[in-house]
Amino acid sequence: MIFRISRSCFSSISVKLPPFKVHHLELDQLPQTATTTSSELLAYYKSMQLQRRMEIACDNLYKQRLIRGFLHLADGQESIYEGLHAGLTFDDCVITAYRDHCIALLRGDTPHQIIAEMMAKQTGSTKGKGGSMHYYKKATNFYGGHGIVGAQIPLGTGLAFAQKYLKKPNVTLIMFGDGAANQGQLYEAANMAQLWHLPAIYFIENNLFGMGTSIDRASANTKFYTRGDVIPGIQIDGNNVFQVRETLKFAKKHCLEKGPIFIEAMTYRYHGHSMSDPGVTYRTREEVQQQRKTRDCINYVKNIILENKVADEPQLEEIDNSTQNEIDIAVEQAKVDPVPPSTELTTDVYVDNENHFIRGILYKDSIVPKSQ
Amino acid sequence: MQLLKRVHQFGSTKHRFASDIGSTNRQKMNLFQAINNALDIELGANPKALLFGEDVKFGGVFRCSQGLNEKYGTDRVFNTPLCEQGIGAFGIGLASVGYTAIAEIQFGDYIFPAFDQIVNEAAKFRYRSGNQFNCGSLTIRSTWGAVGHGALYHSQSPEAYFAHTPGLKVVVPRDPIQAKGLLLASIRDKNPVIFFEPKALYRNAEDEVPLDDYELELSKAEVVQQGKHITLIGYGTSIRVLREASKMAEKDGVSCEIIDLQTIYPYDGQTLVDSVKKTGRCIITHEAPQTCGMGAELSAFIQEKCFLHLEAPIRRVTGYDTPFPLVHEPIYLPDKFKIYEAIKESVNY
């Protein structure tokens, strides 16, 4: 990790960005450095630690069987979510697949709401009806949280269309993984986006494996940033929060002027695909440990903090402890929350449930509209 | 568990009922092992059989294809990328040139990107080409049904969507012995078949499965329990639930006849009619939502044929008309209590 240290009188720190790879773009269009400040660095550190610790807490809760079902953790990829939070605004829409806890956190949910949702409690983000894969937040334009691989891509393209139609100065960030890049619906959606010049950012989180299948065994063309064909693309280091941020700022400008763009963020997930996957049958433990040692996104920010004497180890440890404390409190609170009442089984099926006949298992248990 | 090394290749035997299989050469297997055995037999006997899908090569996420890639090679047992529409369509293409294409869709909930290919291409191929072409040697295997924690996208039972498509066959086994025989029959049937495997039973259902190459007839239902007072119809995991409910009813002196539909479409209407004419009462159960589920079709058919024999309305005890829920799964599912209650109401009508 190479970074140039320079301080101005406003104590801003300049960080050299890793090289970009581009497709139908010129390298000189992209920034070579990013500037940050002490307080921003500490904010990134704290936020990424909170994400990391929340994911680890979920791992523990799953093993205690307090979270059940399917759980897909994103630890190792925090800088992507931090970068998207820093590079875009709450007026820009975000849509993603099922590795969505950290985005939910950054788009306004509290750790308590997120953990409660996974534990299927009433106080969860989605009333306990969605679970780990289905977080949404209307107020911050977070459109979820989707289980079917690739299904969110054309959906996000529709969001981008709406933004353009309504002449909003905003973009839609459509996130998906390397596995989803082989879904036909991506190409249908991208074609529409390019044809109609939609403000859509197709953001590929390339963590090198689609479940247990490496990118080489799934994709004929593993340069995912080129898979948009005539659509411009950029490949970045997803573990560098600054590069993610700057690229998204560039992408937003590009989208609002010209049309869609593909961004491929190279990253790594420490856990397996989900909790049913140990994550070491298709990659070695040594590889995972090596990634942790040399490419960890939180350590990257930590090193900048320490090198620039923004804070020292004990101060960082204090941040670690306070975030851990925050998560622990959230977990304890979620544990005692109630599950949604059984009436919730039949609510929200239609917009006006009371006017619809919902057939019960036995006819006499059916919900009959008052009008009938 | 060790992959079986000996495979009988004296040609398969066809049976109406599993109890007809006299073989003493049996091994204790659970559902995924029985499926694995069936696939092993077909790949061994038929050099044009190919098995493919997501993560099939390493053995499959439910271990159904364990050891098969090592045994038959990557040109016959291979992975596809993450593209259900591609998997379905690719299978149709392979089948139309004579290969036995066994396509795996990892979860029934994911079958919908392939829905157009299955309904518009596979089901109508023979019909629209005037029998010049067909994809009869296509079998799509997929997982099916509630598993306790699957929630919205790992629990669905989509059989009704495909039962509504002439040209297809839809099969759901209840046990390892049935699964092996029905799967081999499905693969060898000269029509495209969708074979749904109840994921909840992959490990939980065990039996002494014959090691021979045997097939069980498609479009034949089986009376798994004889009874006098009421006919209970189900398939897959619900057969277990029906057995539990019938035990509860027995204490009240009600004798239940349980029928496993096995082939959802085209279904064996005669067995159902014979039974309901005898008992005069009928309950149909499935996990899928009530409206336009298989219960609706079977109710309409049975009342048409047995109207004057019915002592009570035909009842359907099914999942709610809601998306498959998260934590409300136990309330949603048609369990033994709901079925028992329906039996009581039917008998006391």
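Here is how names work: the chains are called A, B, and so on, in the same order as the sequence lines, proteins then strands, and each is numbered from 1.
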For chain B, which residues of residues 205-214 of chain A have heavy atoms nearer than 4.5 angstrom: Met211(A), Gly212(A), Thr213(A)
Atom group of Met133(A) that falls short of 4.5 Å from chain B, counting heavy atoms: side chain
Atom pair OH (Tyr332(B)) and OG1 (Thr346(A)), whose distance is rounded to the nearest 0.5 Å: 12.5 Å
Distance, nearest 0.5 Å, that separates CD of Gln85(B) from CD of Gln185(A): 8.5 Å
Pro340(A) side chain reached by His328(B) side chain, heavy atoms, under 4.5 Å: yes
Heavy-atom proximity to chain A below 4.5 Å, by part of Asp321(B): both
Interface moiety of Glu84(B) toward chain A, non-hydrogen atoms closer than 4.5 Å: both
Residues forming a ring pair (Phe, Tyr, Trp, His ring centres under 6.0 Å) with Tyr202(B), sequence neighbours excluded: Phe62(B)
Structural part of Ala151(A) lying under 4.5 Å from a heavy atom of chain B: neither
Contact origin within Val147(B) toward chain A - heavy atom pairs under 4.5 Å: neither
Close approach to chain B in residues 62-74 of chain A, criterion heavy atom under 4.5 Å: Arg68(A), Gly69(A), Phe70(A)
Partners meeting side-chain contact (heavy atoms from CB on, under 4.5 Å) with Ala151(B) (sequence neighbours left out): Leu326(B)
Backbone of Leu82(B) reached by a side-chain donor or acceptor of Gln183(A) within 3.5 Å: yes
Minimum heavy-atom distance Gly128(A)-Val327(B), with the two atoms named: O-CG1, 4.3 Å
Least distance between heavy atoms, Ala218(A) atom then Pro81(B) atom: O-CG, 3.3 Å
Full working for side chain to side chain contact (heavy atoms under 4.5 Å, CB included) between Thr281(A) and Phe58(B): CA-CA 10 Å; Thr281(A) 50; Phe58(B) 88 95; 5.9 Å; no
Any side-chain heavy-atom pair of Ile148(A) and Tyr153(B) under 4.5 Å: yes
Contact class of Gln106(B) relative to chain A, heavy atoms under 4.5 angstrom: side chain
Side-chain (His134(A)) to main-chain (Leu152(B)) donor-acceptor, under 3.5 angstrom: no
